Asks: 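This is the structure I want to talk about, given as structure tokens.
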Protein chains: 2
Amino acid sequence: MHSQTEENYLKAIFKLLEKGEKKISTNAIASLVETAPASVTDMLKKLAEKKLIRYEKYQGVTLSVSGKKVAINIIRKHRLWEYFLVEKLGFTWDQVHDIAEQLEHIKSESLISRLDSYLGNPRVDPHGDPIPDEHGVFHTQNTIPLSVASINSSVIITGVIDHRPVFLRFLEKEGFGLGKKIIIKEKEDIDQSMLVLISGSKKLKHLSNEIARNILVLPEK
Amino acid sequence: MHSQTEENYLKAIFKLLEKGEKKISTNAIASLVETAPASVTDMLKKLAEKKLIRYEKYQGVTLSVSGKKVAINIIRKHRLWEYFLVEKLGFTWDQVHDIAEQLEHIKSESLISRLDSYLGNPRVDPHGDPIPDEHGVFHTQNTIPLSVASINSSVIITGVIDHRPVFLRFLEKEGFGLGKKIIIKEKEDIDQSMLVLISGSKKLKHLSNEIARNILVLPEK
DNA sequence: ATTATTTTTTAGATTTGCCTAAATTTTATT
DNA sequence: AATAAAATTTAGGCAAATCTAAAAAATAAT
């Protein structure tokens, strides 16, 4: 079995790989797991010995097949628990991250498989992030950042990039919850900010490009 | 905050106190937490410094008020999670201990209070053990071991003393689940074994005294 | 009341994960 | 290409929780 710490490192590496980078830097990992770079080096050696990552000094790391499996499983557990917390216990989407961060390390195959069925095998968590299935497969949709949606098009909010509670609460307050349908009415050349209409509502909302880039949407039809 | 290990020591001490002993021995704790006595001594010093226990060398330990509070809260969490695992996820009563042993250390007040309401504020866990309320109060019933129930009396099974999965599976297989009503038909002088009738069933079941002592019942009327 | 046994504690090490400071390597800049 | 800056690794240590072996204290047995 792997320690919680090992699992957190693998998850961090996976997230960095997912974000685009091919080779992952020590510093990037350090900032994700909130520890000193020197500690990361220690852990990388350990993970390499266990064949969970491929690692050569100064050259960055990548996940091995088994390391990737562990990482995906942690993400699966994290997202299933988040779904549980929101759908069954009534938490809001800005409150669940820290609790799921603990729950994701509970070790029991049968627990997760039962939880998955109990929840109805959800495909996405409360932030719209895909929940990998029991084989580690992500079923993703073709979403785009709201910032690149074309003018006059109609889109559905399916996720967020920024997961900070403060951002999530802002969206909630302004009516930009998951599943909401919006129409892009105007876009300023100067700063790429946009005026949008939330389906059902009367008044236009103004969104900076900074914010629009952090909202994922599915174009309609 | 306290470490998981500290929580486990406090829980162990609480359980020993609950079982009758006034002063708790190092060896008893060692066997409950499955560690060497020397390790227990180390931890006792640490817990005493934190004022969670009262400890004098060679004299055993007792819990302080704050230590007791921590212990009861861990037990509350353990039992609520066991209830969840059985009632919501469909586990059987012999499968939930090890998973709850992990879940009990998740730190979040709001999680437990929401879980408690979600489950309908249950009073007892799947083994019939009382679940302390949010103030740490146990609401107990006047149960007795089946072994001392009087002949021809009718009783309801409300709990078990032995929690080993092998014992629980035996009870389940023989039809002695929680809530079952049974009548004591005969009692052998020689070994105190008894013949009982499970309500609804036709044939008498034989129970050794050893087993009857590990079944808790509520006498009817 | 002495001796023997059991229990408990101390002493000294080990493992895991972390740290700071210094050294090394890589990358960027002139 | 040489130097400056940034990133990474090594070295040496620390804290938590554990262990074994040896010493000390408490309890039991003669």
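As the structure is a prediction and not an experimental result, all values here were calculated from the model. Proteins come first, then strands; the chains are lettered A, B, ... in the order of their sequence lines, and each starts at number 1.
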Asks: Between D:dT18, C:dC18, D:dT9, spot the one nearest the side chain of B:Thr5, thanks.
Replies: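 Of all the options, the side chain of B:Thr5 is nearest to D:dT18.
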Asks: Can you tell me the distance, in whole Å, between the CD atom of B:Glu56 and the C1' atom of C:dT9?
Replies: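 So the two atoms are 15 Å apart, to the nearest Å.
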Asks: Starting at OH of B:Tyr58 and ending at P of C:dT6, how long is that distance when rounded to a whole Å?
Replies: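 Result: 17 Å.
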Asks: If I take atom CG in residue A:Leu47 and atom C1' in nucleotide C:dT16, what distance separates them, rounded to the nearest angstrom?
Replies: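 Going from CG in A:Leu47 over to C1' in C:dT16 covers 13 Å.
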Asks: Side chain of B:Tyr9 only, please: which of C:dT8, D:dT9, D:dT18 is the nearest?
Replies: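 Shortest atom-to-atom distance from the side chain points to D:dT18.
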Asks: Is the A:His163 to A:His97 ring centre distance short of 6.0 Å?
Replies: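 Centroid distance A:His163-A:His97: not below 6.0 Å, so no.
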Asks: Starting from C1' on D:dA16, measure out to CD on B:Glu7 and report it in whole angstrom.
Replies: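 Atom CD in B:Glu7 sits about 15 Å away from atom C1' in D:dA16.
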Asks: Are the charged groups of A:Glu104 and A:Lys11 less than 4.0 angstrom apart, N to O?
Replies: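 Yes, this pair counts.
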Asks: Calculate the interatomic distance between A:Lys57 atom NZ and D:dT10 atom C1'; express it in whole Å.
Replies: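 Interatomic distance, NZ of A:Lys57 to C1' of D:dT10: 8 Å.
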Asks: With heavy-atom distances below 4.5 Å as the criterion, would you say the side chains of A:Ile211 and A:Asp162 are in contact?
Replies: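 No, every pair of side-chain atoms sits at 4.5 Å or beyond.
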Asks: Can a side chain N or O of B:Tyr55 be found less than 4.0 Å away from OP1 or OP2 on C:dT9?
Replies: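 So the side-chain polar atoms of B:Tyr55 do come within 4.0 Å of the phosphate oxygens OP1 or OP2 of C:dT9, strictly under.
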Asks: Output, in order, the C-alpha distance, side-chain angles, deciding distance and verdict of side-chain contact (heavy atoms from CB on, under 4.5 Å) for B:Leu207 and B:Phe176.
Replies: CA-CA 11 Å; B:Leu207 285 177; B:Phe176 295 100; 3.9 Å; yes
Asks: Taking atom P of D:dA16 as reference, at what distance in whole Å does atom CD of B:Glu49 sit?
Replies: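 Distance check: B:Glu49 CD to D:dA16 P gives 10 Å.
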Asks: Do you know which two heavy atoms are closest between A:Tyr55 and A:Ala48, and how far apart they sit?
Replies: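 Smallest interatomic distance, heavy atoms only, reads CB-CB, 4.0 Å.
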Asks: So which of residues 26-44 of chain B are in contact with DNA chain D, with a heavy-atom cut-off of under 4.0 Å?
Replies: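 Those residues are B:Thr35, B:Ala36, B:Ala38, B:Ser39, B:Asp42, B:Met43.
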Asks: Assess whether side-chain contact (heavy atoms from CB on, under 4.5 Å) is satisfied between B:Glu6 and B:Met1, documenting all intermediate values.
Replies: CA-CA 10 Å; B:Glu6 286 171 351; B:Met1 257 320 94; over 6 Å; no
Asks: Mind calculating the distance between CD (A:Glu6) and C1' (C:dT15) to the nearest angstrom?
Replies: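 A:Glu6 atom CD is separated from C:dT15 atom C1' by 12 Å.
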Asks: Cationic tip of A:Lys88 within the cone over B:Phe84's six-membered ring, i.e. under 6.0 Å and within 45° of the normal?
Replies: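 No; the conditions do not both hold, so A:Lys88 does not lie above the ring face of B:Phe84.
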Asks: I need the NZ-P distance between A:Lys23 and D:dA7, as an integer number of Å.
Replies: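 Rounding to the nearest Å, NZ of A:Lys23 and P of D:dA7 are 18 Å apart.
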